[in-house]
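Quick notes on the structure that follows.
Bear in mind the structure is a predicted one, so any value in this text is a computation, not a measurement. Reminder, nothing fancy here: chain letters follow the sequence lines and each chain counts from 1.
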Protein chains: 2
Amino acid sequence: MPSRQTVLVVDDDELLRTLIRETLQENFKVLEADDGAEIESTLKEKRVDLVVLDVTLPGDDGFSVMRRLRKQSQVPVIMLTAKSEVVDRVVGLELGADDYICKPVEMRELLARVRTVLRRLDNRRPSSAAETARHRFNGFTLDIGKRQLSADSGCEIPLTSGEFDLLRVLAEHPNETMNRDDLLEATRDRDWNPFDRSIDVLIGRLRKKIEDDPKNPEIIKTVRGTGYIFATDVSSS
Amino acid sequence: MPSRQTVLVVDDDELLRTLIRETLQENFKVLEADDGAEIESTLKEKRVDLVVLDVTLPGDDGFSVMRRLRKQSQVPVIMLTAKSEVVDRVVGLELGADDYICKPVEMRELLARVRTVLRRLDNRRPSSAAETARHRFNGFTLDIGKRQLSADSGCEIPLTSGEFDLLRVLAEHPNETMNRDDLLEATRDRDWNPFDRSIDVLIGRLRKKIEDDPKNPEIIKTVRGTGYIFATDVSSS
DNA sequence: TACGCTGTTTACATTCAGTTACAAAATAAA
DNA sequence: TTTATTTTGTAACTGAATGTAAACAGCGTA
């Protein structure tokens, strides 16, 4: 069986959140957030297949949360709305919501809709040669699909194509010494010879971008006589 | 002359409906319905080439009618909407409407649009392929059937034929590195050789149209030595 | 301390992608 | 048809990413 799909529930009402979690967790992995701010960080850290978003959030309302969300991700969203007003529905759909449910929420209905939306999306993706993994380490997230590295602060660290490929191999083999041969093989698909220094130079360039003090690297350490090691824990999703 | 095409007018406002009928019946066969419920039965009984749908229906609104309609049929729809809001337009188009007109309706305009939509569809029919997919990403919607790209703001971004084909291939393979060979194969149906720069130029042209900062692309990224990658999430329908 | 070994850094060369301008081809208009 | 307009391909140039070579630094050992 493939690992379960993950649903992120965003609601400030803890009672409702709990209710939803209990409904969904039989079939899905459930994550929770109690405001909009938490969403973005969660999306960066974990693989999320669906978001259930209450638009009646305190502070900035659900619609603006929705809008920000859509800028960074196309993750499907089901909105919970208090009013059954057409307006809300229209705005919601305009912003890219996939479905909406009016309060009071019938748990059975919620479950049904979650399933429907996810099923609809499954059908659309038969061609999954796509990479979706994400690796987190030392305050960074490396997104394989988007080929981008971002700091937890949210800002993106531009990587060249070669830097990305190298960092990817390292992050996929944490705490494991990699020799130059392996690294070159994995990134450039060619063999290494003792005069080839390109890996070393690339390592240097990477360190400049991700190490606090590139001269005393904490993340990419040298294994003298052998190669390099990604000396940090990585959580992949 | 072939038998005339049939237009179904759905509106609860009898006066407006009559006006529309009189405008259209010179050129088309006109059927009428005064609420959403009647639509489905009519569609089952008669051949309908086009539906003119007023979204300001009583009871359940035009959008939900639209949605139900799309579940059972791909018949083209022109929506009549009270507000000229972008919101409505976007939702309408998202739900699969082919065009929309704001009230008050100019009969001459209505006739023109009916003709346009029907002509557009006629042209498409002989080419058989009923492509109706739509891909959403980063605030854009790429409509495969209409071969057009629009921003969420509602405005359309004109694409040349080659640009569209390329963007389509990319959007159909998000988060997957595509080499020039594949891209050229898919867009121009010919093989690539190392001196062929046409894909690169085309990529540049596309970036200018869809990237915020074409020099630091976020959507179409370069994979040096290999090709390009559509580095963003796509939701397809 | 001097020497050898290995990794780091810098500078520079090379390769590859981005850009532009223009030619060729295709399409639309007259 | 001819003519205009748009789209596409090509070649030349620019700049960025990468490879290469050489100087340099750290470390262990004789």
Quick check for you: name the first and last nucleotides of DNA chain C, 5' to 3', having an atom under 4.0 Å from a heavy atom of chain B.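 It runs C/dT15 to C/dT20.
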Ion pair [X]/[Y], N-O distance below 4.0 Å:
X        : Y        : value
B/Glu163 : B/Arg205 : no
A/Arg197 : A/Asp200 : yes
A/Arg47  : A/Asp49  : yes
A/Asp165 : A/Arg188 : no

Say you draw a straight line from NZ of A/Lys221 to OG1 of A/Thr177; how long is it, rounded to the nearest 0.5 Å?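 Going from the NZ atom of A/Lys221 to the OG1 atom of A/Thr177 covers 11.5 Å.
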Straight-line distance of A/Lys146 NZ to A/Arg134 CZ, nearest 0.5 Å: 6.0 Å
NA contact type, [X], heavy-atom cut-off 4.0 Å: base, sugar-phosphate, or nothing?
X        : answer
B/Arg207 : sugar-phosphate
B/Arg190 : sugar-phosphate
B/Arg197 : base
A/Thr187 : nothing
A/Tyr228 : sugar-phosphate

Can you tell me if B/Arg21 uses its side chain to pair, donor with acceptor, with the backbone of B/Val30 under 3.5 Å?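 No: the side chain of B/Arg21 does not pair with the backbone of B/Val30.
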First and last nucleotide of DNA chain D touching chain A, 5' to 3', heavy-atom cut-off 4.0 Å?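 The contacted stretch runs from D/dA17 to D/dG26.
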Does A/Lys209 NZ have over 12 foreign heavy atoms under 6.0 Å away?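 Yes, the 6.0 Å shell around NZ holds more than 12 heavy atoms from other groups.
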Both B/Pro214 and A/Lys208 contact DNA chain C. Which one's nearest nucleotide lies toward the 5' end? A/Lys208
Can you work out whether B/Ile203 or A/Gly227 has the more 5'-proximal nearest nucleotide on DNA chain C? A/Gly227
Pairwise 5' ranking along DNA chain D for B/Ser198 and B/Arg224, keeping only the more 5' one: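 By nearest-heavy-atom nucleotide position, the 5'-most residue is B/Ser198.
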Relative to the 5' end of DNA chain D, which residue comes earlier, B/Thr160 or A/Ile199, by the nucleotide with the nearest heavy atom? B/Thr160
B/Phe164: which residues meet the ring-ring contact (aromatic ring centres under 6.0 Å, His included) condition with it, sequence neighbours left out? none
